Enquirer: 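Below: one structure in structure tokens.
Bear in mind that the values here come from a model prediction, so they are computed numbers and not experimental data.
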Amino acid sequence: MDTKYIVNLSGGKDSTAMLLMLLEKGCPVDYILFADTGKDFPQMQEHLRKLAEYIKEHHPTAPEITILKHEKGFDYMMFEHRKCRGKYKDTPGNGWASFRNRWCTSRLKLDVIYKYCKTLACDCVHYIGIAADEPGRLKDDPHLIYPLLNGKSPKKKP
């Protein structure tokens, strides 16, 4: 099965630095995926626009940034979505996203990216922009690479 290398781009400093580092080093990058929650600040949209321009100018063979969105969106997940299990089963909405209640990251970003990757019909390896000061966020998964943390990345394209 063909392997595709996916950059999970949050638009923050770590994932942006990781993306640029991967491109500078000539590492394989087949897709750059950004999951739009629908609630990002205008400054994030401007950052993505400038980043796309920079990539096009300095790395013309790199893929464009693909922007994905959850089919129902932030407002639905916050106010209407019904949970299927647990203490708050059938209670409408997930409430405010917070460091203790991270449904926004999992449902509106990661789930959307992984759902898209399933449509590619290939083996996907994800670059994740987690820095050295966040080792608690690492997952032991051969399909995840953390270039900023351990410098591990696949061989350069031939």
Side-chain angles (χ1 to χ4, degrees), residues 1-23 27-56 59 62-86 88-131 134 136-149 153-154:
M1 183 178 275
D2 190 28
T3 299
K4 298 292 183 188
Y5 292 90
I6 313 294
V7 173
N8 288 22
L9 178 67
S10 70
K13 64 181 176 18
D14 294 332
S15 68
T16 299
M18 175 192 69
L19 168 60
L20 295 175
M21 179 187 79
L22 292 168
L23 295 175
C27 296
V29 173
D30 297 300
Y31 293 90
I32 303 168
L33 303 180
F34 174 81
D36 183 354
T37 65
K39 297 295 183 185
D40 288 311
F41 292 109
Q43 293 85 348
M44 178 59 73
Q45 300 304 322
E46 180 64 12
H47 170 67
L48 291 173
R49 186 189 65 72
K50 287 180 180 179
L51 181 59
E53 286 177 5
Y54 179 87
I55 292 169
K56 189 173 185 175
H59 304 282
E64 292 184 7
I65 298 170
T66 300
I67 298 177
L68 307 171
K69 290 188 177 192
H70 186 275
E71 59 192 21
K72 294 191 177 179
F74 183 95
D75 289 345
Y76 171 81
M77 294 302 294
M78 182 168 174
F79 298 113
E80 298 175 41
H81 174 75
R82 301 235 181 226
K83 294 169 245 7
C84 298
R85 59 180 194 250
Y88 299 104
K89 180 180 177 182
D90 293 324
T91 302
N94 287 298
W96 286 105
S98 69
F99 71 95
R100 289 185 184 163
N101 187 17
R102 294 187 51 92
W103 63 266
C104 185
T105 300
S106 61
R107 298 294 175 105
L108 299 180
K109 289 189 173 279
L110 297 176
D111 287 358
V112 171
I113 287 173
Y114 292 128
K115 182 178 178 182
Y116 177 84
C117 289
K118 284 182 182 178
T119 69
L120 300 177
C122 63
D123 188 31
C124 292
V125 174
H126 296 265
Y127 294 114
I128 309 295
I130 293 179
E134 304 177 286
R137 294 182 54 207
L138 300 181
K139 293 182 180 160
D140 187 19
D141 183 331
H143 291 93
L144 303 177
I145 298 174
Y146 305 96
L148 296 178
L149 181 73
S153 59

Enquirer: Restricting to side-chain hydrogen bond (donor to acceptor under 3.5 Å, both in side chains), what partner residues turn up for E64, sequence neighbours left out?
Expert: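 Residues passing side-chain hydrogen bond (donor to acceptor under 3.5 Å, both in side chains) with E64: none at all.
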Enquirer: By side-chain hydrogen bond (donor to acceptor under 3.5 Å, both in side chains), which residues pair with D14, not counting sequence neighbours?
Expert: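 With neighbours one apart ignored, the set is empty.
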Enquirer: Are the side chain of S10 and the backbone of S15 linked by a donor-acceptor contact shorter than 3.5 Å?
Expert: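 Side chain of S10 to backbone of S15: no pair is present.
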Enquirer: Starting at CG of L51, measure out to CD1 of I32 and round the result to the nearest 0.5 Å.
Expert: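 If we round to the nearest 0.5 Å, L51:CG and I32:CD1 are 7.5 Å apart.
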Enquirer: Kindly give the heavy-atom pair with the smallest separation between K4 and C122, and that separation in Å.
Expert: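 Residues K4 and C122, closest heavy atoms: CG-SG, 3.2 Å.
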Enquirer: With a 4.5 Å heavy-atom cut-off, do H47 and T16 have their side chains touching?
Expert: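 A side-chain contact under 4.5 Å exists here.
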Enquirer: Determine the sole option in T66, L33, I113, L48 for which the side chain to side chain contact (heavy atoms under 4.5 Å, CB included) test with L9 is passed.
Expert: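 That would be L48.
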Enquirer: With side chains defined as the heavy atoms from C-beta onward, is the minimum distance between V7 and I65 less than 4.5 Å?
Expert: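 Heavy-atom side-chain distance check fails, nothing below 4.5 Å.
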Enquirer: What pair of heavy atoms forms the shortest contact from I6 to C124, and how long is it?
Expert: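 Where I6 meets C124 most closely, the heavy atoms are CG1-CB, 4.0 Å.
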Enquirer: How about Y127 and C27: do any of their side-chain heavy atoms sit closer than 4.5 Å?
Expert: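 Side chain of Y127 against side chain of C27, heavy atoms only: contact under 4.5 Å found.
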Enquirer: Could you measure the distance from the CG atom of L148 to the NZ atom of K13? Nearest 0.5 Å is fine.
Expert: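 Between atom CG of L148 and atom NZ of K13 there are 9.5 Å.
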Enquirer: Under the side-chain contact (heavy atoms from CB on, under 4.5 Å) test, which residues partner L144, sequence neighbours left out?
Expert: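 Partners of L144 by the side-chain contact (heavy atoms from CB on, under 4.5 Å) criterion, ordered by chain and then number, come out as Y114, H126, I128, K139, D141, Y146.
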Enquirer: Do D123 and H143 come within less than 4.5 Å of each other through their side chains, counting heavy atoms only?
Expert: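 A side-chain contact exists here, since the closest heavy-atom pair is under 4.5 Å.
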Enquirer: Compare all side-chain heavy atoms of D40 with those of F34 and state whether any distance is below 4.5 angstrom.
Expert: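 Yes; the side chains approach each other to less than 4.5 Å.
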Enquirer: Answer whether the closest heavy-atom distance between the side chains of I55 and L19 falls below 4.5 Å.
Expert: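 Yes, at least one pair of side-chain atoms sits under 4.5 Å.
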Enquirer: Kindly write out the residues that satisfy ring-ring contact (aromatic ring centres under 6.0 Å, His included) with Y54, not counting sequence neighbours, or none if the list is empty.
Expert: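 Partners of Y54 under the ring-ring contact (aromatic ring centres under 6.0 Å, His included) test: H58.
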Enquirer: State, to 0.1 Å, how close M18 and P147 come at their nearest heavy-atom pair, and which atoms those are.
Expert: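 Nearest pair, atom of M18 first, then P147: SD-CD, 3.8 Å.
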Enquirer: When you measure from the side chain of T119 to the backbone N and O of Y116, does any donor-acceptor pair fall under 3.5 Å?
Expert: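 Looks like yes, one N/O pair under 3.5 Å.
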Enquirer: Side-chain contact test, heavy atoms from C-beta onward, threshold under 4.5 Å: evaluate it for Y5 versus V125 and give yes or no.
Expert: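 They are in contact (side-chain heavy atoms under 4.5 Å apart), so the answer is yes.
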Enquirer: Could I get the full list of side-chain hydrogen bond (donor to acceptor under 3.5 Å, both in side chains) partners for E53, not counting sequence neighbours?
Expert: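 E53 satisfies side-chain hydrogen bond (donor to acceptor under 3.5 Å, both in side chains) with R49 once adjacent residues are dropped.
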